[in-house]
Amino acid sequence: MEFFLIQKYIFFIMIKGQFPIQKFQELQTPFYYYDLDLLRSTLNEIKTQALKGNFHVHYALKANVNKSVLHEIKKADLGADCVSGGEVQAAIDAGISPSKIVFAGVGKADWEINLGLDHDIFCFNVESVPELEVINELAEKHQKKARVALRINPNISAHTHHYITTGLSENKFGINMSDLDSVVDLFPSLTHLKLIGIHFHIGSQITDLSSFQSLCVRINELQQFFLSKKITLEHINVGGGLGINYEHPNHIPIPDFDAYFKTFRDHLDLLPGQTLHFELGRSVVAQCGSLISKVLFVKKGSSKQFAILDAGFTELIRPALYQAYHHIENITSELPIEPYDVVGPICESSDTFAKGFNLNATKRNDLIALRSAGAYGEIMASQYNLRQLPKAYTSDELK
Ligand SMILES: *Cc1c(COP(=O)(O)O)cnc(C)c1O
């Protein structure tokens with residue numbers, strides 16, 4: 001909902017998403033709905049803006065691995081950023097070339113490293129010395145030289161929720177800058193590794209581009225360090241983290257990729273021949289997905305009313321896990337708005353999507369859309385309370 005203040009009058013103008021409501025009414029709720037037209041427009045915009053800098057974009061699979069969604073991403077020719085063997089396999093199964101797959105994560109198991117070696121993936125983003133030693137050992141068994149990048153913790157605050165900030169020295173991720181000297185000195189003895197780059201990922205849902213600007217400044221400094229060590233880096237990988245607009249999914253359905261990529265064009269000094277890589281997750285898929293749910297009951301309390309949905313944190317955990325905001329729409333009511341606590345059926349108080357949220361007056365069997373749920377939604381679903389995993393439909397299927 002948008003509020004427009006014109007002189008002394010406040011107008012409430014409901015601008016809602018476009019949904020095939022009649023089709024929805026034939027389907028069992030709750031389910032995820034993906035607007036593939038919006039996804040395709042988003043991917044077009046990413047390609048247009050990344051092209052200006054000759055940048056390489058890897059899609060972070062952990063945001064969403066829905067088959068139709070992955071298919072569009074593969075068609076757009078993005079690479080893959082994986083954080084598990086399962087994701088490496090999913091990327092390969094989706095037809096993404098191993099030469100475009102990067103593999104990060106603080107705890108890679110031997111079988112996951114072996115999978116990456118078997119497929120000759122582009123790069124392992126390595127987070128510690130013991131991991132370097134194990135990849136070296138396993139690569140030797142494969143009689144291969146593994147390409148690695150050092151994930152460096154740049155000690156930069158992403159100004160986002162503390163559960164999704166990853167680039168501070170207190171976080172578990174990456175190699176601290178103070179250890180870099182000794183780590184780099186190990187490489188001559190790691191005979192089955194080739195150091196080809198450096199990698200960063202400072203957090204998620206970052207809307208203040210100055211965090212990325214700080215990252216660029218830090219990388220420019222680090223480039224001097226590697227030059228002084230006479231080490232040539234073929235690529236720099238700046239990770240992901242670009243935020244989306246959760247408040248206004250209808251007004252800002254596509255993030256400002258122009259401004260995002262421009263920050264790196266303007267502030268990062270690449271050396272001749274170096275390529276710049278990105279790992280975008282949320283900003284690619286968040287806005288194209290909605291969780292569609294039915295109202296089971298409206299329960300009136302003394303001071304508030306509850307809209308009790310058939311979806312809960314088993315389908316969309318972000319509000320319970322990160323106190324995240326999702327825009328909510330009653331897509332089958334045009335009645336005047338009233339405030340509701342919008343809650344799920346799970347036996348936990350944290351199973352609350354929003355408190356005092358203004359919805360069109362709501363009754364049993366109305367359909368509710370929880371917007372901007374395409375990233376870290378379906379993929380984080382669980383079966384707690386022995387619930388079924390949600391189904392998913394696309395706009396192409398329901399046309
Ligand atoms: C999660 C993750 C990403 C993607 O982050 P978004 O905020 O979804 O863009 C990129 N790189 C790494 C290493 C990650 O762990």
Side-chain angles (χ1 to χ4, degrees), residues 38-64 69 72-73 76-81 100 102 104 125 149 151-152 154 156-161 164-168 173 197-220 222-223 235-270 274-289 324-325 372 374-376:
L38 176 57
L39 176 59
R40 289 188 274 258
S41 308
T42 307
L43 288 164
N44 273 337
E45 180 64 10
I46 290 171
K47 291 191 71 174
T48 306
Q49 298 306 335
L51 219 58
K52 291 183 185 171
N54 199 12
F55 298 152
H56 299 251
V57 180
H58 305 258
Y59 167 64
L61 265 80
K62 78 173 188 284
N64 188 322
V69 168
E72 293 301 325
I73 287 166
D77 228 20
L78 266 53
D81 163 45
K100 289 183 174 185
V102 295
N125 293 331
R151 176 169 180 174
I152 300 171
I156 283 169
S157 169
H159 306 292
T160 182
H161 192 276
I164 50 176
T165 185
T166 51
L168 286 171
F173 299 98
I198 48 177
H199 171 237
F200 307 83
H201 176 64
I202 58 172
S204 201
Q205 185 51 21
I206 299 168
T207 50
D208 177 359
L209 292 180
S210 72
S211 298
F212 294 117
Q213 191 177 329
S214 307
L215 175 62
C216 291
V217 171
R218 182 56 46 80
I219 293 172
N220 292 340
L222 285 163
Q223 291 258 56
H235 81 278
I236 311 284
N237 182 337
V238 293
L242 176 62
I244 62 136
N245 194 313
Y246 280 98
E247 276 82 21
H248 306 287
N250 297 310
H251 285 83
I252 310 180
I254 298 180
D256 192 348
F257 290 109
D258 184 17
Y260 172 68
F261 287 119
K262 190 175 187 305
T263 305
F264 293 91
R265 285 204 308 275
D266 289 352
H267 299 286
L268 188 64
D269 302 326
L270 288 179
Q274 264 180 351
T275 53
L276 185 59
H277 295 244
F278 294 80
E279 303 169 337
L280 297 175
R282 185 191 313 271
S283 55
V284 184
V285 292
Q287 296 290 31
C288 77
Y325 174 93
S372 314
Y376 309 107

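A distance of 10.0 Å separates OG1 in Thr42 from CD1 in Ile73, rounded to the nearest 0.5 Å. If you take CD1 on Ile198 and CD1 on Ile219, they are separated by 6.0 Å, rounding to the nearest 0.5 Å. To the nearest 0.5 Å, atom CD1 of residue Ile236 and atom CG of residue Asn220 are 9.0 Å apart. Remark: Arg218 CZ to Cys216 SG distance equals 12.0 Å, nearest 0.5 Å. Here CZ of Arg282 is found 7.0 Å from CD1 of Ile244. Values are rounded to the nearest 0.5 Å. Taking CG of Leu215 as the start and CG of Leu268 as the end, the distance is 8.0 Å to the nearest 0.5 Å.
The two residues Leu270 and Gln223 come nearest to each other via the heavy atoms CA-NE2, 4.2 Å. Residue Leu39 comes nearest to Val284 through the heavy atom pair CD1-O, 3.5 Å, listed as atom of the first residue, atom of the second, then distance. Contact between Gly374 and Asn64 at its shortest, heavy atoms only, is O-ND2, 2.8 Å. Between Pro255 and Ser283, the closest heavy-atom pair is CG-O, 3.7 Å. For the residue pair Leu280 and Phe257, the shortest heavy atom distance occurs at CD1-CE2, 4.0 Å.
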Query - Evaluation steps, side-chain contact (heavy atoms from CB on, under 4.5 Å), between Ile254 and Leu38 - result: CA-CA 8 Å; Ile254 298 180; Leu38 176 57; 3.9 Å; yes

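Using a distance-only test at 3.5 Å, with no hydrogens or angles considered, no donor-acceptor pair links the side chain of Gln205 to the main chain of Gly241. Side chain of Gln287 to backbone of Ile252: a donor-acceptor contact under 3.5 angstrom is found. Here the side chain of Tyr260 pairs no donor or acceptor atom with the backbone of Gly243 at under 3.5 angstrom. Under a 3.5 Å cut-off, the side chain of Gln49 and the backbone N or O of Ala259 do not form any donor-acceptor pair.
The aromatic rings of Phe261 and Phe55 sit tilted relative to each other, their planes meeting at an angle between 30° and 60°. Between Phe212 and Phe264, the ring-plane angle classifies as tilted under the 30° and 60° cut-offs.
Electrostatic pairing of Asp77 and Lys47 does not count as a salt bridge here, judged by no charged N lying under 4.0 Å from a carboxylate O.
Between Asp258 and Lys52 the shortest side-chain heavy-atom distance falls below 4.5 Å.
The residue from His201, His199, His58 that alone fulfils the ring-ring contact (aromatic ring centres under 6.0 Å, His included) condition with His277 is His58.
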